[in-house]
2 protein chains.
Amino acid sequence: MSRVERLCVEKGLKMTGQRRVIARVLSDAKDHPDANEVCRRAILIDPHISLATVYRTVRVFEQNEVLERHDFGDGRARYEESGSQHHDHLINIETGRVIEFHNDQIEALQKLAAKELGFHLVGHRLELYGIPLETSED
Amino acid sequence: MSRVERLCVEKGLKMTGQRRVIARVLSDAKDHPDANEVCRRAILIDPHISLATVYRTVRVFEQNEVLERHDFGDGRARYEESGSQHHDHLINIETGRVIEFHNDQIEALQKLAAKELGFHLVGHRLELYGIPLETSED
DNA sequence: TTAAATGCAAAGAGTTTGCACATGG
DNA sequence: CCATGTGCAAACTCTTTGCATTTAA
């Protein structure tokens with residue numbers, strides 16, 4: 001049983017064959033697939049899965065905090081298993097590859113910045129866009 | 001002549017009536033309108049403007065760094081005049097209103113974080129989502 | 001059993017594009 | 001004048017939804 005599936009069970013979600021497969025795909029994913037990619041991988045395991053079901057399922061999973069939805073600005077949502085710890089993303093603009101990182105100082109400053117503006121911080125999005133250091137020597 | 005129009009002229013862009021109006025709308029905007037909203041405001045000044053032209057125009061303007069495109073996660077692009085200084089956004093999730101802010105410390109830490117991961121930072125996106133402090137007392 | 005999940009195809013929202021016509025430099 | 005911009009409508013991408021059918025609990 002995949003980690004995502006276990007989380008679903010803990011949340012009391014009805015686990016259908018399709019949901020199990022989608023959960024597995026997301027648990028196995030090392031990247032941040034979009035709905036279409038999740039569907040394609042799911043179909044490799046079990047062809048009885050439609051894109052509509054993927055969309056409905058990821059929404060339910062997201063609402064149950066079993067996975068996280070990201071928007072990297074390319075017009076489609078991407079998904080990843082809810083990690084135990086929060087992290088942000090650095091996107092290598094040469095390859096499109098996404099690297100996860102966490103920085104406590106930045107997190108703290110964000111909270112502070114929001115407070116100074118009169119807000120209680122309930123969420124944030126931080127994405128860094130970079131090029132590999134070797135390549136950037138100009 | 002609006003500020004955006006002047007920037008366009010400096011870039012050598014051909015200034016048609018429509019582009020002038022769109023430039024004006026964006027110069028006058030105190031918020032971050034989407035393409036549809038830009039079009040509606042433009043039509044108030046001159047009805048001879050179509051949504052397709054707005055899309056084509058904002059793309060040209062963006063490519064010429066005359067305005068900036070933002071994606072606040074609600075599925076449509078939003079635009080604002082390219083300011084002299086960089087800033088990030090705090091979104092009031094109760095009203096949807098966007099507040100601009102700038103924080104040098106966070107900027108510096110971002111650069112550092114990227115460097116530690118082996119990247120040269122060429123861009124970033126930071127959005128804070130918050131609720132007004134008065135309302136958040138629970 | 002039965003409320004909830006699924007597949008399909010159609011509908012939406014936002015954005016882009018092909019083509020004939022209009023226009024700025 | 002003529003390369004470029006525009007309007008219109010159709011196309012495209014991503015996502016959602018209505019409805020008849022299937023399925024988990």
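Every chain is numbered from 1, with letters handed out A, B, ... down the list of sequences.
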Among C:dG14, D:dT17, C:dA5, the one nearest A:A52 by side-chain distance
D:dT17
Using whole Å, report how far CD1 of A:I43 lies from C1' of C:dT6.
13 Å
Nucleotide nearest A:H48 (side chain, heavy atoms from C-beta), chosen from C:dT16, D:dT6, C:dG7:
C:dG7
May I ask you to decide whether A:R41 forms a salt bridge with A:E37, counting only side-chain N to carboxylate O separations under 4.0 Å?
yes
What's the closest nucleotide to the side chain of A:R76 if the choices are D:dT15, C:dT6, D:dG7?
D:dT15
Counting just side-chain N and O atoms, does B:T16 come under 4.0 Å of either OP1 or OP2 of C:dG24?
no
Does B:R20 or A:V54 map to a spot on DNA chain C nearer the 5' end, using the closest nucleotide for each?
A:V54
Please determine, for the side chain of B:R56, which listed nucleotide (C:dA5, C:dC8, D:dT6) has the closest atom?
D:dT6
C:dG14 base / B:R69 side chain donor-acceptor hit below 3.5 Å:
no
Classify the side-chain pair A:E107/A:H86 by whether it contains a donor and acceptor separated by less than 3.5 Å.
yes
With B:E80, which of B:R69, B:H87, B:K30 fulfils side-chain hydrogen bond (donor to acceptor under 3.5 Å, both in side chains)?
B:H87
Atom CG of A:L13 and atom P of D:dA25: how far apart are they, to the nearest Å?
10 Å
Nearest-nucleotide check on DNA chain C, B:D74 vs B:K14; residue mapping nearer the 5' end is B:D74
Among D:dT6, D:dT15, C:dC8, the one nearest A:A35 by side-chain distance:
D:dT15
Are OP1 or OP2 of D:dA25 and a side-chain N or O of A:R19 less than 4.0 angstrom apart?
no
Side chain of B:A77 only, please: which of C:dT15, C:dT6, D:dT6 is the nearest?
C:dT15
Distance, rounded to the nearest Å, where B:N64 contributes CG and D:dT4 contributes P:
14 Å
Just the rounded figure in Å: distance from C1' of C:dT15 to CD of B:E62.
13 Å
Take atom CZ in B:R19; do more than 12 heavy atoms of anything else shown fall under 6.0 Å from it?
yes
note: B:L51, atom CG; C:dT15, atom C1'; distance rounded to Å ~ 8 Å
Take the protein atom CD of B:Q63 and the nucleotide atom C1' of D:dG5, then report the distance between them rounded to whole Å.
14 Å
Looking at the side chain of A:Y55, which of C:dG25, D:dC14, C:dT15 is the nearest nucleotide?
D:dC14
Taking OP1 and OP2 of D:dG7, is either one under 4.0 Å from a side-chain nitrogen or oxygen of B:Q18?
yes
Can you measure A:R78 atom CZ to D:dC14 atom P for me and round it to whole angstrom units?
11 Å
May I ask you to decide whether B:R78 forms a salt bridge with B:D31, counting only side-chain N to carboxylate O separations under 4.0 Å?
no
Calculate the interatomic distance between B:D34 atom CG and C:dG14 atom P; express it in whole Å.
7 Å
Choosing from D:dT6, C:dG25, C:dT15, which nucleotide comes nearest the side chain of B:T57?
D:dT6
Kindly write out the residues that satisfy side chain to side chain contact (heavy atoms under 4.5 Å, CB included) with B:R6, not counting sequence neighbours, or none if the list is empty.
B:M1, B:R3, B:E10
